[in-house]
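See below for the structure under consideration.
Quantities reported herein were computed from a predicted structural model and do not represent experimental measurements.
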Amino acid sequence: MSKTTEELENELKSIRTKEELEKWMDKNQKPEVRFCDYFVGLCEQKGMKPGNLVGNISLSKAYIYALANGEKIPSKDAVIKIAIGLKATVTETNRLLKLSGNKELYPRREEDAVVEFGIRNQWEAYQIEELLKKRGLNMQLTDEE
């Protein structure tokens, strides 16, 4: 069970040494799942292998395998491409974003609102990108032609 912010703050207030802080951080600040593990698990859940995503998104096979093996951490744009390729839900997309160290989709940001709309409606990357460009936003989700 996760601790509340208040519980974490109270624990942090009681810490007096650097060693205690490091132990506390190791216990409380590490994600329970790594991006690579969640990504591979999500691929399996969707009936895909990470390498099969290459045809659906503009990321190289080598890069996708590096993500699946935990050798690289993706940018927000790369996570969104993966989410689109996997036909992930908004919840799954936000989990991928969070585990990769990126901020979750935030509907107050115009770019994020467009992406979230596209994901909810299972749009292809080019459809989302067209709407982004129409709005003057520059997220690159497809290869340049």
Side-chain angles (χ1 to χ4, degrees), residues 1-13 15 18 21-145:
M1 186 168 104
S2 294
K3 296 178 184 179
T4 66
T5 301
E6 185 176 347
E7 289 171 324
L8 292 171
E9 286 176 349
N10 287 334
E11 287 178 7
L12 190 54
K13 286 178 189 175
I15 294 172
K18 183 175 115 180
L21 174 64
E22 288 177 357
K23 281 183 187 176
W24 181 84
M25 289 177 68
D26 286 343
K27 180 180 171 188
N28 293 290
Q29 300 298 311
K30 301 228 181 206
E32 64 274 4
V33 174
R34 298 180 311 158
F35 172 85
C36 60
D37 297 328
Y38 184 70
F39 169 49
V40 171
L42 194 56
C43 286
E44 289 173 3
Q45 180 184 330
K46 304 282 183 178
M48 296 185 88
K49 293 185 184 211
N52 294 352
L53 280 174
V54 174
N56 300 340
I57 58 176
S58 59
L59 297 173
S60 73
K61 196 171 200 169
Y63 182 73
I64 290 172
Y65 278 117
L67 294 176
N69 293 328
E71 297 166 10
K72 292 193 180 274
I73 300 294
S75 67
K76 181 177 182 177
D77 290 7
V79 171
I80 291 169
K81 290 175 186 181
I82 289 167
I84 293 167
L86 287 172
K87 301 285 188 209
T89 65
V90 172
T91 300
E92 292 164 342
T93 302
N94 280 331
R95 183 91 167 118
L96 285 166
L97 286 164
K98 187 174 182 179
L99 290 172
S100 65
N102 291 289
K103 292 184 179 181
E104 296 176 351
L105 295 173
Y106 183 60
R108 289 190 186 268
R109 290 190 67 230
E110 189 175 7
E111 180 179 87
D112 287 357
V114 169
V115 168
E116 184 171 327
F117 177 84
I119 288 171
R120 281 193 193 286
N121 290 285
Q122 296 193 336
W123 280 9
E124 298 294 329
Y126 78 89
Q127 294 173 295
I128 297 171
E129 189 174 280
E130 282 177 1
L131 185 53
L132 288 165
K133 285 184 177 170
K134 182 178 179 186
R135 304 286 308 163
L137 304 165
N138 294 317
M139 183 181 280
Q140 183 74 36
L141 298 175
T142 60
D143 288 331
E144 290 285 346
E145 293 184 23

Using side chain to side chain contact (heavy atoms under 4.5 Å, CB included), reason through Lys18 and Glu22 one step at a time and then give a plain yes or no.
CA-CA 6 Å; Lys18 183 175 115 180; Glu22 288 177 357; 3.5 Å; yes

Mind checking the CG-CE spacing from Leu53 to Met48? Nearest 0.5 Å is all I need.
4.5 Å

Nearest 0.5 Å, what's the CE-CD1 distance between Met25 and Ile15?
9.0 Å

So, taking the atom named NZ in Lys103 and the one named NZ in Lys98, what distance separates them when rounded to the nearest 0.5 Å?
13.5 Å

What salt bridge (charged side-chain N to carboxylate O under 4.0 Å, His left out) pairs are there with at least one residue in residues 67-84, not counting sequence neighbours?
Lys76-Asp112

Would you say that Glu92 contacts Gln45 through its side chain, given a criterion of any heavy-atom pair below 4.5 Å between the two side chains?
yes

Side-chain donor/acceptor pairs under 3.5 Å, residues 36-43, sequence neighbours excluded:
from, atom 1, to, atom 2, distance (Å)
Asp37, OD1, Arg34, NH2, 3.3
Asp37, OD2, Arg34, NE, 3.1

Separation between NZ (Lys13) and CD (Glu11), nearest 0.5 Å, reads 12.0 Å

Looking at Asn94 and Thr89, would you say the former's side chain and the latter's main chain have a donor-acceptor pair under 3.5 Å?
no

May I ask you to test the Val79-Phe35 pair for a side-chain heavy-atom distance under 4.5 Å?
yes

Could you please spell out the steps behind the side chain to side chain contact (heavy atoms under 4.5 Å, CB included) verdict for Leu141 and Met139?
CA-CA 6 Å; Leu141 298 175; Met139 183 181 280; 3.6 Å; yes

Under the rule for side chain to side chain contact (heavy atoms under 4.5 Å, CB included), what residues qualify as partners of Ile73, not counting sequence neighbours?
Ser100

Please list every donor-acceptor pair under 3.5 Å in which a side-chain atom of residues 60-70 meets a protein atom from a residue at least two apart or in another chain.
from, atom 1, to, atom 2, distance (Å)
Ser60, OG, Tyr63, N, 3.0
Asn69, ND2, Tyr65, O, 3.0

Any chance you could lay out the side chain to side chain contact (heavy atoms under 4.5 Å, CB included) test for Leu97 and Leu105, step after step, and finish with the verdict?
CA-CA 8 Å; Leu97 286 164; Leu105 295 173; 3.9 Å; yes

Rounded to the nearest 0.5 angstrom, the CG-CD1 distance for Leu96 and Ile82 is 7.0 Å

Atom of Ala88, atom of Ile119 and distance for their closest heavy-atom approach:
O-CG2, 3.2 Å

What closest approach, in Å, do Glu110 and Leu137 show between heavy atoms, and which atom pair accounts for it?
CG-CD1, 3.8 Å

Are side-chain heavy atoms of Leu12 and Leu21 found at a separation under 4.5 Å?
yes

Run the side chain to side chain contact (heavy atoms under 4.5 Å, CB included) check on Phe117 and Ile128 step by step: do they pass?
CA-CA 8 Å; Phe117 177 84; Ile128 297 171; over 6 Å; no

Could you give all pairs that pass the side-chain hydrogen bond (donor to acceptor under 3.5 Å, both in side chains) test and reach residues 113-130, with sequence neighbours left out?
Lys87-Glu124, Glu116-Arg120, Glu129-Lys133, Glu129-Thr142

Between Trp24 and Lys27, is any pair of side-chain heavy atoms under 4.5 Å apart?
no

Set of side chain to side chain contact (heavy atoms under 4.5 Å, CB included) partners for Glu6, sequence neighbours left out
Thr4, Asn10

